[in-house]
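Please read the structure below before turning to the comments.
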Protein chains: 2
Amino acid sequence: MLADMASNRAGRAVTIHTVAERAGVHASTVSRALRRDPAGAPAAVRRIHALAEELGYRPTLAGASLRTGQSHAVGVLVHRLTDVVQAMTFEAIDRAAVEAGYQAMVATTEDDPERQRRRADLLLSRGVDGLIVADAHLDGGYVDWLASRGVPVVLVIRGLPGHVSVTVDDRLAGRLVGGHLADLGHRNVAVLAGLAWSSASTERAAGAVAALRDRGVGPGDDLVVPCGLDVTSGHTAMGRLLDEHPDLTAVFAVNDFMALGAMIALREHGLEPGRDVAVVGYNDVDIAPAAELTTVRCPHDQMGSIALRQLLDLVQGRSAHSIRLSPELVVRASSGPPRTG
Amino acid sequence: MLADMASNRAGRAVTIHTVAERAGVHASTVSRALRRDPAGAPAAVRRIHALAEELGYRPTLAGASLRTGQSHAVGVLVHRLTDVVQAMTFEAIDRAAVEAGYQAMVATTEDDPERQRRRADLLLSRGVDGLIVADAHLDGGYVDWLASRGVPVVLVIRGLPGHVSVTVDDRLAGRLVGGHLADLGHRNVAVLAGLAWSSASTERAAGAVAALRDRGVGPGDDLVVPCGLDVTSGHTAMGRLLDEHPDLTAVFAVNDFMALGAMIALREHGLEPGRDVAVVGYNDVDIAPAAELTTVRCPHDQMGSIALRQLLDLVQGRSAHSIRLSPELVVRASSGPPRTG
DNA sequence: ATGAAAGCGCTAACAA
DNA sequence: TTGTTAGCGCTTTCAT
């Protein structure tokens, strides 16, 4: 019996015809019996199922895909999988996909427009029914191109006007952070603003700046610095900032890794995060509690699964609409009031 | 022209026949002209390429796959993509795959045997030509099952006797760490030993223990504790260890995240990593330099690309063999000598 | 309820 | 060098 199963790969493949022959019915009958909503005599259906199981039959999805024009696969484009937020989001998408009988195929682009187009193209060649884009650029970029080709697309994390997206209300979150720091009494706040082309980065930064200005704290443009999304970038940017603005009392980094890098830079300057300079991050990654980092918690799992649902709606001809989820400020020891004197 | 390209999806699909018709040749001629190593009159080949480009032709890989029995896709099984080491390795595999004209499809299993089998099965249904397994269990598990079905399989990171694997010499690395700590004068060393079913974890731990015993430092079995691979697990395990063994002077965690968690636990106990208790991790993840963490650097990119090569060798009927790469000890401030007195 | 037949897009053996 | 033909595994009318 085990040998039979092995034959699926090793020997001749077990196809729908193999099952049909053994069952003494026509291949089309097997096909019908094996679908989600089987048609046919209940007894026959059961017999065919048992036989398929026994023979170790696995459907060759390429055949079905070719015939139906649907691959039951979706593509996911992320800038890096080593960015744990993108990884979490993809995992959530993947879980939801498997549950819905779909396969999620991921591709990394490093935010490079050329690779974005190329990988999207490859995915399309693979026959994916739609695309989830987690690395959209504010200039439209390949997303506009995809949409103009009629490809079902849903954005996640980073939004873009005119396209269906599943995001957190980053601007509101930024306001929460800005308000928090202002309320603590900070008047000299810097923002590590992330990537200029990412709505997630720019909205968070803009929200914080707006909230600060509302309360009369006006961080000059020289205190809002773009930077990469990882520890090293945050470290470097913060080091430079401290050299130029030794009077800083707080910093908001638009993601936790940058914040962690900033904390390291602070210590190198002899400053204790939370006591000498308040630090706030974004995402509440698993290391944030341990680092006592004040941050913004976002429902990445939800974002992923909702994005998949929305995409399937689009793929299956239903309508889909943008969704903005609520962020939550999580206050920890890294954000204290400014030192007096 | 853009409208033409859009027709690929929106309107009628652009197939090889569309191109053939417009070129005034037969479909098979187009097929031949478009392959990697084109056959046909150079002029005709160029013309067909130009036409294909103009029409926005994208091959429907399902068709080719059905015909040739090769999908030019490989599956990759990891336990979690949020584990940055697994993510790095997958990215390397993915890069190498794209370069070779393949698509890498990843699935996460959480080290759960049931999900391992299920996801492997799904991938196989998708027609992958082979599988790279980054989450192998020492009991054989689904890897044996796959191999017995004749599926080409290459293991990466975690090895398993009797299967082709691409790993780091974890035992040697463990020995380097053990030797390093012994040389510093540590006599009371604990090991956060990771997962019992992972060769990577067990080999690293065993290597360290062996090196320590060689030098007369005999960590008892109560000082070698299994634990999960993330920050939280390391944190918890270290906390418990410190409660039971307040006289510890050094700890080796078989990965950096556990080590980071351990450092946090130390600080909570009023101990300064590197000064009061030496800490060594494993992998040299991007945050390790900032944390001043002594660790072992492993060529994850190389492992990924080599694993893919090996798999393609297997898939294409050539032979493949296990490869063990060299680790490198990176000494930083987190591992100092024991405090005297 | 089941069988027959056709065809999705592609490639490979063979013929010209 | 190019065209012809056949068929990979599957689903889906249409007929029975």
Side-chain angles (χ1 to χ4, degrees), chain A residues 7-9 11-49 51-52 55-73 101 124-129, chain B residues 7-9 11-49 51-52 55-73 101 124-129:
Chain A
S7 69
N8 190 345
R9 274 250 136 200
R12 271 193 88 49
V14 175
T15 77
I16 223 169
H17 289 97
T18 325
V19 180
E21 200 178 359
R22 290 276 257 101
V25 298
H26 193 266
S28 59
T29 309
V30 176
S31 172
R32 276 187 292 256
L34 258 29
R35 17 183 334 107
R36 282 199 184 230
D37 178 24
V45 168
R46 264 196 304 279
R47 212 162 49 81
I48 288 168
H49 265 99
L51 214 44
L55 295 172
Y57 168 73
R58 306 278 162 237
T60 301
L61 268 13
S65 167
L66 199 52
R67 174 64 228 233
T68 63
Q70 289 239 326
S71 64
H72 284 251
L124 257 12
S125 263
R126 288 273 155 199
V128 295
D129 297 330
Chain B
S7 69
N8 191 345
R9 275 251 135 198
R12 271 192 88 51
V14 175
T15 76
I16 223 170
H17 290 96
T18 325
V19 180
E21 200 178 359
R22 290 277 256 101
V25 297
H26 193 267
S28 61
T29 309
V30 175
S31 174
R32 277 189 290 256
L34 258 29
R35 1 182 352 98
R36 281 199 185 232
D37 178 24
V45 168
R46 263 197 305 280
R47 210 162 50 81
I48 289 168
H49 265 99
L51 215 42
L55 295 171
Y57 167 74
R58 307 280 162 235
T60 301
L61 267 12
S65 168
L66 199 51
R67 173 64 229 235
T68 62
Q70 291 238 325
S71 65
H72 284 251
L124 258 13
S125 259
R126 288 274 155 197
V128 294
D129 297 329

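In what follows, every chain begins at residue 1, and chains take the letters A, B, ... in the order their sequences are listed.
Note that OG of A:S65 and CG of A:D129 are 7.5 Å apart. Values are rounded to the nearest 0.5 Å. The CZ atom of B:R35 sits 6.5 Å away from the OG atom of B:S31 when rounded to the nearest 0.5 Å.
For the pair B:I16 CD1 and C:dC8 C1', the interatomic distance rounds to 14 Å; values are reported in whole Å. Following rounding to the nearest Å, B:R35 (CZ) and D:dT1 (P) show an atom-to-atom distance of 15 Å. Atom CG of B:L34 is separated from atom P of C:dA12 by 14 Å (rounded to the nearest Å). Regarding A:Q70, its CD atom lies at a distance of 14 Å from the P atom of C:dG9, rounded to whole Å. C:dG9 atom P lies 10 Å from atom OH of B:Y57, rounded to whole Å. Taking atom CZ on B:R126 and atom C1' on D:dG9, their separation rounds to 15 Å, with Å as the unit. Separating the CD1 atom of B:I48 from the P atom of D:dT1 is a distance of 13 Å, rounded to the nearest angstrom. Here C:dA1 presents its P atom at 12 Å from CG of A:D37, a figure rounded to the nearest Å.
Sequence order on DNA chain D of the closest nucleotides to B:G40 and B:T68 puts B:G40 first from the 5' end. Nearest-nucleotide assignment on DNA chain C puts the 5′-proximal partner with A:A27, out of A:A27 and B:A64.
You'll find that the side chain of B:A41 is closest to D:dT2, out of D:dT2, C:dA12, C:dC10. Closest approach to the A:A44 side chain among D:dT12, D:dC10, C:dT2 is made by C:dT2 (side chain taken as heavy atoms from C-beta onward). For A:R67, the listed nucleotide lying nearest its side chain is C:dC8; candidates were D:dC8, C:dT11, C:dC8. For B:S28, the side-chain atoms get nearest to D:dG3 when compared with the rest of D:dC10, D:dG3, C:dG3.
Side-chain N/O atoms of A:H26 include none lying less than 4.0 angstrom from OP1 or OP2 on C:dT2.
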Just do the side chain to side chain contact (heavy atoms under 4.5 Å, CB included) check on B:Y57 and B:I16 with the steps written out, would you? CA-CA 8 Å; B:Y57 167 74; B:I16 223 170; 4.0 Å; yes
Could you give me the CA-CA distance, side-chain angles and deciding distance for A:T60 and A:T15, then say whether side chain to side chain contact (heavy atoms under 4.5 Å, CB included) is met? CA-CA 8 Å; A:T60 301; A:T15 77; 5.8 Å; no
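At a cut-off of 3.5 angstrom, the base of C:dG3 holds at least one donor-acceptor pair with the side chain of A:R32.
The number of heavy atoms from other shown groups lying within 6.0 Å of CD (A:E21) does not exceed 12.
Counting any heavy atom pair closer than 4.0 Å across all strands shown, B:S31 reaches a base atom.
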